[in-house]
Asker: 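Have a look at the structure that comes next, please.
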Amino acid sequence: MRTVNVNASKNYDVIIGENILNLLPQKIRELFGNAKVMAVTDSNVFALHYDKIKKELDETGIESDVFVFPAGEKSKSPEVLFDLLETLAEKHFSKSDVLLAFGGGVTGDLTGLAASLFLRGVHIVQMPTTLLSAVDSSVGGKTAVNLKAGKNLAGVFNQPELVLCDTKLLDTLSDEIFADGMAEVIKYGVLADENLFDKVKNGNVKNDIEEIIARCVEIKRDIVSVDEFDKGKRQLLNFGHTLAHAIEAQSNFEISHGTAVAMGMVKAAEISYKNKLTSSDFSEEIEAACRKNNLETLCPYSTDILAKFASSDKKISGKSISFIVPERIGKCVGVKLGVEEFVKMLGEN
Ligand code: GLY
């Protein structure tokens with residue numbers, strides 16, 4: 001078992017280990033006394049794992065309830081968010097009670113936002129059940145729902161008060177969903193840790209997964225603790241993501257986030273070398289690491305199409321963007337580009 005402490009606007013522990021669900025009741029009592037727990041989970045995780053946490057909570061006499069929503073990105077919506085808020089009100093949850101986000105990124109983002117809105121703030125614990133949420137979305141406090149105009153357009157920063165990551169829960173992930181998380185792991189290696197990159201570049205990571213998750217969380221912690229509100233350094237975490245967002249949207253979300261990030265990282269490395277933003281080309285190394293971890297890297301869209309999407313992206317239009325480029329494996333930097341300049345550069349590749 002490993003613990004990474006995050007010191008941002010809240011100070012909290014991220015505890016990572018195999019078969020550590022039994023820590024949940026003890027930690028809840030320690031942090032929140034006699035609080036009542038509302039577990040929030042999707043239909044898949046509910047069927048697979050909810051009975052395990054329910055048992056732990058019941059055995060310690062912690063009062064709990066569960067809110068289950070249909071699995072999938074469509075549920076990351078204002079409708080499901082308000083359904084959850086109404087449920088909390090109907091069930092008389094109070095300011096001293098706890099929301100427990102038990103699932104992947106959709107669950108974590110939705111529940112984190114609900115916790116900041118309900119009664120202007122109730123306690124929030126994140127329990128990630130996917131590799132992607134373990135290394136990324138459960139830590140750092142970004143919460144959001146999607147709007148019709150795009151992904152993550154309504155949200156707040158709300159750091160959790162505890163993250164409990166039981167690696168045993170990852171055993172039920174399909175190879176595809178596991179690979180999705182590996183795209184983010186490879187991203188952390190490229191942006192901050194050559195040893196991590198070397199460790200994961202040949203695949204076969206499952207035996208070391210606790211150590212790998214902890215290292216990713218440390219890297220994220222180091223970034224979030226100096227730029228919690230995404231004004232500068234935190235944008236490094238977007239390596240591969242500017243293009244990934246365009247790829248995901250262009251595919252109507254048929255291409256998963258992790259696959260899009262893998263494609264986006266390879267393209268970003270290629271484009272930055274071709275445009276002399278970097279002095280070496282790391283695209284092949286990144287591509288090989290992604291492929292060894294079961295990630296498709298060949299983007300089915302021309303950069304022209306991605307450029308069109310990028311220019312209409314609600315989050316970046318009218319501004320400059322910080323395009324993240326790999327200086328070497330283990331170090332990325334942000335290059336400020338005007339949106340028009342960025343789109344032109346994409347279109348020319
Ligand atoms: N997922 C990127 C971030 O937390 O900033």
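Note that these values count all heavy atoms, side chains included, but never hydrogens, waters or copies made by symmetry. Read the numbers this way: they start at 1 and go in the same order the structure lists the ligands and their atoms.
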Asker: Can you confirm whether more than 12 heavy atoms, excluding those of E284, are under 6.0 Å from its CD atom?
Answerer: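 Open: at most 12 neighbouring heavy atoms sit under 6.0 Å from CD of E284.
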Asker: Around atom OH of Y273, are there more than 12 heavy atoms of other residues, nucleotides or ligands at under 6.0 Å?
Answerer: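 Open: at most 12 neighbouring heavy atoms sit under 6.0 Å from OH of Y273.
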Asker: Are the aromatic rings of F323 and F342 close, with centres under 6.0 Å apart?
Answerer: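 Yes, the ring centres sit under 6.0 Å apart.
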Asker: Only one of K187, R215, K199, R328 passes salt bridge (charged side-chain N to carboxylate O under 4.0 Å, His left out) with D193; say which it is.
Answerer: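 The option that passes is R215.
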Asker: Salt-bridged, K142 to D230, with N to O below 4.0 Å?
Answerer: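 A salt bridge links K142 with D230.
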Asker: May I ask you to establish whether K206 and F178 are in a cation-pi arrangement, using a distance under 6.0 Å from NZ or CZ to the six-membered ring centre and at most 45° from the ring axis?
Answerer: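 Yes, K206 lies over the aromatic ring of F178.
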Asker: Taking non-hydrogen atoms within less than 4.0 Å of ligand 1, which protein residues qualify?
Answerer: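 D136, K142, K220, R234, L237.
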